[in-house]
Chemist: 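Would you mind keeping the following structure in view while I ask a few things?
Residue numbers start at 1 and run along the sequence shown. Order of appearance sets the numbers: ligands from 1, and atoms from 1 within every ligand.
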Amino acid sequence: MSSRRKFLTDCGVLAGSAGFSYMTIGKHDWNEYTKKPAKSSGLSLRFKPYELHLKHVFTIAEGSRSTTPVMLTELEFDNIIGYGEASMPPYLGESHETATSFLNKVDLTQFESPFLMEDILAYVDQLVPGNYAAKASVDIALHDLVGKLMKQPWYKIWGLNPDKTPNTSFTIGIDKPEVVKAKVREAAPYRILKVKLGHGNDKEMIEAVRSETDKPICVDINQGWTDRKMALDMSFWLKEKGAVFIEQPMSKTSTDDTAWLTQNSPLPIIADEAFQTISDFKKVQGVYSGINIKLMKCGGLRTAFIMIKMARALDMKVMIGCMTETSCAVTAAAQLSPLVDWADLDGNLLIDNDVFKGILIRDGKISLPETSGIGISKNKT
Ligand code: MG
């Protein structure tokens with residue numbers, strides 16, 4: 001038995017099933033709960049590991065991969081189920097093992113009502129430091145559950161205008177020119193492209209894109225540039241090539257060089273790796289023009305909403321992004337998209353084994369479903 005399978009068997013994930021059973025954290029196990037949906041049973045949390053398959057091997061400045069581990073969560077109350085997800089690309093340090101360990105600590109049966117969202121999520125947040133993706137999986141499931149109980153999608157609960165959703169970008173990974181051109185053709189329905197750079201072939205990548213389309217592009221360097229003068233020269237060249245912003249050009253620790261670049265660059269400089277959650281505002285204010293918010297970095301919708309308001313108070317640009325995720329987490333993030341400048345919510349389009357249906361992209365623009373909660377329904381399996 002592989003060590004991973006042994007781990008999953010030991011913690012009960014694979015017990016008695018074909019690998020598709022949820023673990024139950026609550027007063028009742030899943031079978032008992034289905035037989036006795038008592039109103040007094042409180043909140044019941046279940047979770048299961050899942051692995052997303054990427055349509056293309058994905059290469060960024062930090063490396064390549066073809067799968068992403070995720071944890072799918074379900075939060076049940078009064079026979080209504082809210083869905084959540086933790087997506088855990090390896091470089092963030094979370095895994096099926098760490099998420100299982102964290103979620104085993106979460107005991108929501110102490111809360112009488114899911115409407116106590118502030119109490120519940122503050123409790124989840126203080127359990128253990130870090131574990132932001134695992135925390136997001138509870139936060140998203142709770143938002144989905146509460147929205148369903150209120151029979152409204154979250155953009156309506158927040159009072160947001162669905163006509164103000166932005167276009168979403170489609171990501172083109174680092175590759176040979178022929179492959180880049182093919183991906184640009186594949187991205188025909190999108191009005192803006194996000195091009196990954198920072199692997200030493202930046203101009204070749206951009207020229208390949210420009211041989212196919214004159215759509216606006218944004219570029220994500222993933223900390224790949226090391227020299228600030230070269231970074232500034234590239235920012236002017238990229239502006240001429242129709243770029244609208246540059247994401248994480250240099251190392252997240254290169255604070256002085258990045259501040260200098262932001263002051264002198266004709267394009268906004270956006271923090272991604274340098275900005276995880278609320279406490280990082282101190283580090284990025286005055287250093288970057290804006291931030292890339294991702295639910296998996298910050299712990300979910302509750303924190304993301306606060307951070308958008310904080311960024312606006314600090315006169316910073318806001319982008320909302322994602323990891324490779326199912327439509328669950330992507331659609332949850334999209335509920336906030338009427339508030340942001342740019343959205344990069346294509347994570348569900350990069351996989352071939354989505355388990356949910358959610359946002360649609362119409363003529364490149366995010367279209368929010370009327371579905372209550374975070375706006376998703378489960379795919380038939
Ligand atoms: Mg990025």
Side-chain angles (χ1 to χ4, degrees), residues 52 54 56-65 68 87-94 132-133 136 166-175 180 183 187 190 192-199 202 205-206 209 216-226 231 234-235 238 243-255 258 261-262 265 267-277 280 283-284 287-298 304 307-308 311 316-325 329-330 333-334 336-337 340-351:
L52 302 181
L54 278 58
H56 299 285
V57 174
F58 195 62
T59 301
I60 60 173
E62 292 155 329
S64 300
R65 66 175 199 278
T68 302
S87 173
M88 300 171 288
Y91 64 90
L92 287 181
E94 290 183 70
Y132 289 104
N167 295 325
T168 188
S169 51
F170 185 87
T171 301
I172 311 283
I174 296 167
D175 224 313
V180 169
K183 287 183 185 170
Y190 298 86
I192 180 165
L193 303 177
K194 175 164 168 172
V195 185
K196 294 284 192 178
L197 300 179
H199 228 231
D202 295 353
M205 287 280 301
I206 298 297
V209 172
I217 55 174
C218 49
V219 297
D220 188 355
I221 318 302
N222 289 111
Q223 312 182 82
W225 293 345
T226 52
M234 278 301 290
S235 72
L238 286 165
V244 293
F245 67 82
I246 300 174
E247 189 176 328
Q248 201 62 54
M250 291 182 278
S251 163
K252 62 183 179 182
T253 59
S254 298
T255 307
T258 303
L261 177 64
T262 299
S265 166
L267 296 174
I269 307 295
I270 307 298
D272 185 6
E273 286 87 341
F275 180 86
Q276 179 152 10
T277 191
D280 292 328
K283 289 196 297 190
V284 299
V287 178
Y288 292 84
S289 323
I291 52 171
N292 183 351
I293 293 174
K294 295 177 182 169
L295 301 185
M296 299 304 144
K297 291 195 298 181
C298 73
M307 295 199 307
I308 293 172
M316 295 182 83
K317 298 280 189 192
V318 180
M319 171 184 177
I320 194 153
C322 61
M323 309 297 177
T324 41
E325 297 166 355
V330 167
L336 289 164
S337 67
V340 307
D341 299 296
W342 302 292
D344 179 28
L345 294 176
D346 63 351
N348 58 328
L349 305 172
L350 305 176
I351 60 170

Chemist: For Tyr132, check side chain to side chain contact (heavy atoms under 4.5 Å, CB included) against everything at least two apart and list the hits.
Modeler: Glu94, Gln276, Thr277

Chemist: Which N, O or S atoms belonging to the protein are less than 2.8 Å from the Mg ion (ligand 1)?
Modeler: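 Per the 2.8 Å query on the Mg ion (ligand 1), atoms found are Asp220 OD2, Glu247 OE2, Asp272 OD2.
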
Chemist: Compute whether any side-chain donor of one residue and acceptor of the other, for Asp346 and Thr168, lie under 3.5 angstrom apart.
Modeler: no

Chemist: Against Val318, only a single residue in Ile293, Leu336, Ile270 fulfils side-chain contact (heavy atoms from CB on, under 4.5 Å); can you say which?
Modeler: Ile293

Chemist: Is the number of heavy atoms from other residues, nucleotides or ligands within 6.0 Å of NZ (Lys183) greater than 12?
Modeler: yes

Chemist: Just so I know, are the side chains of Phe245 and Lys317 near enough to count as touching, which here means a heavy-atom distance under 4.5 Å?
Modeler: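 A side-chain contact is absent here, since even the closest heavy-atom pair is not under 4.5 Å.
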
Chemist: Is the closest side-chain heavy-atom distance between Lys196 and Thr171 below 4.5 Å?
Modeler: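 Result yes, sub-4.5 Å side-chain heavy-atom pair found.
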
